[in-house]
Protein chains: 2
Amino acid sequence: MPHNSHMTVKSLKKSHHHGDLRNALINAGIEILEEDGLDALTLRKCAARAGVSHAAPAHHFDGLPGLKGAIASEAFGIFSRHMLEAARSEGDSANARLRGICRGYVQFGLSHRALLDTIFGIDMTELEREPIEHDDSSAYQILRDACAPFVPAGTQPEVVEFQVWSLIHGYTMLFVRGHFGCTAPSDVADGPFDQVMALLDRIGTAPKP
Amino acid sequence: MPHNSHMTVKSLKKSHHHGDLRNALINAGIEILEEDGLDALTLRKCAARAGVSHAAPAHHFDGLPGLKGAIASEAFGIFSRHMLEAARSEGDSANARLRGICRGYVQFGLSHRALLDTIFGIDMTELEREPIEHDDSSAYQILRDACAPFVPAGTQPEVVEFQVWSLIHGYTMLFVRGHFGCTAPSDVADGPFDQVMALLDRIGTAPKP
DNA sequence: GCGTAAAAATTGACAGTGTAAAGTTGCCAT
DNA sequence: ATGGCAACTTTACACTGTCAATTTTTACGC
C-alpha cells in the first residue's frame, strides 16, 4: 500500500518543513569542506548551516559516514565537470586530451583537496554502502573515452584505463601532500608532473624485448 | 646554561614516573590502528592503553596531529621492513625486485590499511611539521635501489622512481577501497594487479615514435 | 472538511573526545 | 634540605555523535 504513489515524476521530495533538507545538508557539507577542510566536517555544523537542529540530519543520513557518502557523490559530480573541461583544455588530439585530464586531476587535488579526499576516502567494499553514483558524463567515462585511442587491438579497455588512473591518482595524492619533496606546492608546475607523465607516451605500446 | 648536560649519551629520556611514555603511546596507537582502524585512534585511548591519565600525551605530542605524525614515522619503519622483504621475495633479477616491491605495497595496504593511511595521510607541506624520518634502509631507498637498473643514461633517477611510486601508490589506494569495481578485495590476486603492472615493462624505454 | 497516522524536525540528555588550567609527585643540582 | 623542574594527575569545559521522547507539519482515507 504505497501511500505516496500520487507524487509527480519530478518530485524533488520537497516536503514538510524545510524543503529538500537532504540537499541543503550536502551543500552545507561541501561548503565546509572547501572552507575549512576534512576535519571540520561535522553533522552539527552542517545542520547549523542549513538552519535546522543538530539532530535533524539523522532522518536523512546514516550518521556522519552516511552524509560523507552523499557528499562524495555530489563532489564526484563537481570533479567530473572539472575533468570534462580539463580534457578539452590542451587540444583536440588524443594525446592532448589524456594529458589535459591528468593535469586537471592534479589541479583539482590542489584546489579542492578536501573534496578529492572525500571522494576517494570512501570505502566501496564496506557493506551496507550504496556506491558513488556515476552516469555517462562521469569522470570514469571521460577517462575511459580519453584512453580508448590507446587501447591496442585485442586488449581490454580497462587495462589501459586502470594504468592511467593509477598513475595519475598516485601522483596527485603524493604530490599534494608534499611527499615528492616539494615544499608547499601551490601549482602543478611546482612538481615533476611532466617527467612522470612522460610514462603516458609508452601507453599502449609493446613491452621492450 | 644547559641544566641537563650531564645526561648520558644513550639517555632514553627514561625519566620520572613512567619510563619512555612517548614510545609507549606510539606503540599503543599502532595497536589501536591495527585492531580498530583509523577512526578509532584517540588520544585518550592511547593514554589508557599506556596506563596513564588522559591528559598525559599533551606533554609529549602536540595534540592528536602530533601523535599521528610520530606514529606515521614508526609505521613507516614497519612499512620499510615489509618492503625490504617483498623486494627479495620474487627473485634476484631487477624485474623481480621491482615487481616484488609493488606486490608488497598492495599487500601491506590490504593487511595494514590504517598504517598506510596514516603514513600517507600526513601532509608534509604543513608548517611546523617535522617530516617523517627515513634513513638508508627506508622504503624510499629500497624503491630507489630497485629502480636504478631501469634509469636510462643521462636521466635523473628521480624520474623513474616517481613514475613507479605514483603507479603503485595510486593502484594500491584505489584497489584497497574497491574503486576498481572489485567487491571486497582480500588478496592482491583479486585485482588487475598484473595487468596494471605490465606498464612497468615499458619503464626506462624510449617513447613510441 | 476532518481525523488519524506517518513523516520531519525539535528538545533534552548522555558518553566520548580534545584541550586548557591548576595541582601533585618525584628527581636532581646546588 | 631545599628549591626548581619535569612528568603526570585532576578538574573543568566546549564540542561531537547518538539516542529517546516530544512536538509540529503534512498527506491521505473517510
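Chain A is the first sequence line, chain B the second, and so forth, proteins listed ahead of strands; every chain is numbered from 1.
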Over how many whole Å does the gap from A:K45 atom NZ to D:dC15 atom P extend?
10 Å
Whole-Å distance, A:D62 CG to D:dG17 P, equals 13 Å
Rounded to whole angstroms, how far apart are CD1 on B:I32 and C1' on C:dT17?
13 Å
Please round to the nearest 0.5 Å and tell me the distance separating atom CZ of B:R97 and atom CG of B:L143.
11.5 Å
Among D:dG17, C:dT10, D:dC8, find the nucleotide with the atom closest to the side chain of A:H59.
C:dT10
Rounded distance in Å - CG (A:L41) to P (D:dC15):
17 Å
May I have the distance from A:D20 (atom CG) to C:dA7 (atom P), rounded to whole angstrom?
18 Å
Output the single nucleotide from D:dT16, D:dT9, C:dT17 whose closest atom is nearest the side chain of A:T42.
D:dT16
A:F120: what forms a ring pair (Phe, Tyr, Trp, His ring centres under 6.0 Å) with it, not counting sequence neighbours?
A:H169, B:H179
Take atom CG of A:D39 as the centre, draw a 6.0 Å sphere, and report whether it contains more than 12 heavy atoms from other residues, nucleotides or ligands.
no
Value in whole Å for how far the P atom of C:dA8 lies from CG of A:N23:
14 Å
B:S53 side chain, from C-beta outward: closest of D:dT10, C:dA9, C:dG18:
D:dT10
Interatomic distance, B:H82 atom NE2 to B:H112 atom NE2 [nearest 0.5 angstrom]:
6.0 Å
Could you tell me how far apart A:L43 (CG) and D:dC19 (P) are, to the nearest whole angstrom?
12 Å
Report the distance from atom CG of B:D39 to atom P of C:dG18, rounded to the nearest whole Å.
12 Å
Out of C:dT19, C:dT10, D:dG17, which nucleotide sits closest to the side chain of A:V52?
C:dT10
Any donor-acceptor pair under 3.5 Å between the side chain of B:H54 and the base of D:dT11?
yes
Is it true that the side chains of B:D145 and B:Q141 contain a donor and an acceptor less than 3.5 Å apart?
yes
State which of C:dT10, C:dA13, C:dG18 makes the closest approach to the side chain of A:R44.
C:dA13
With respect to the side chain of A:A55, which nucleotide from C:dT17, C:dA20, C:dT11 is positioned closest?
C:dT11
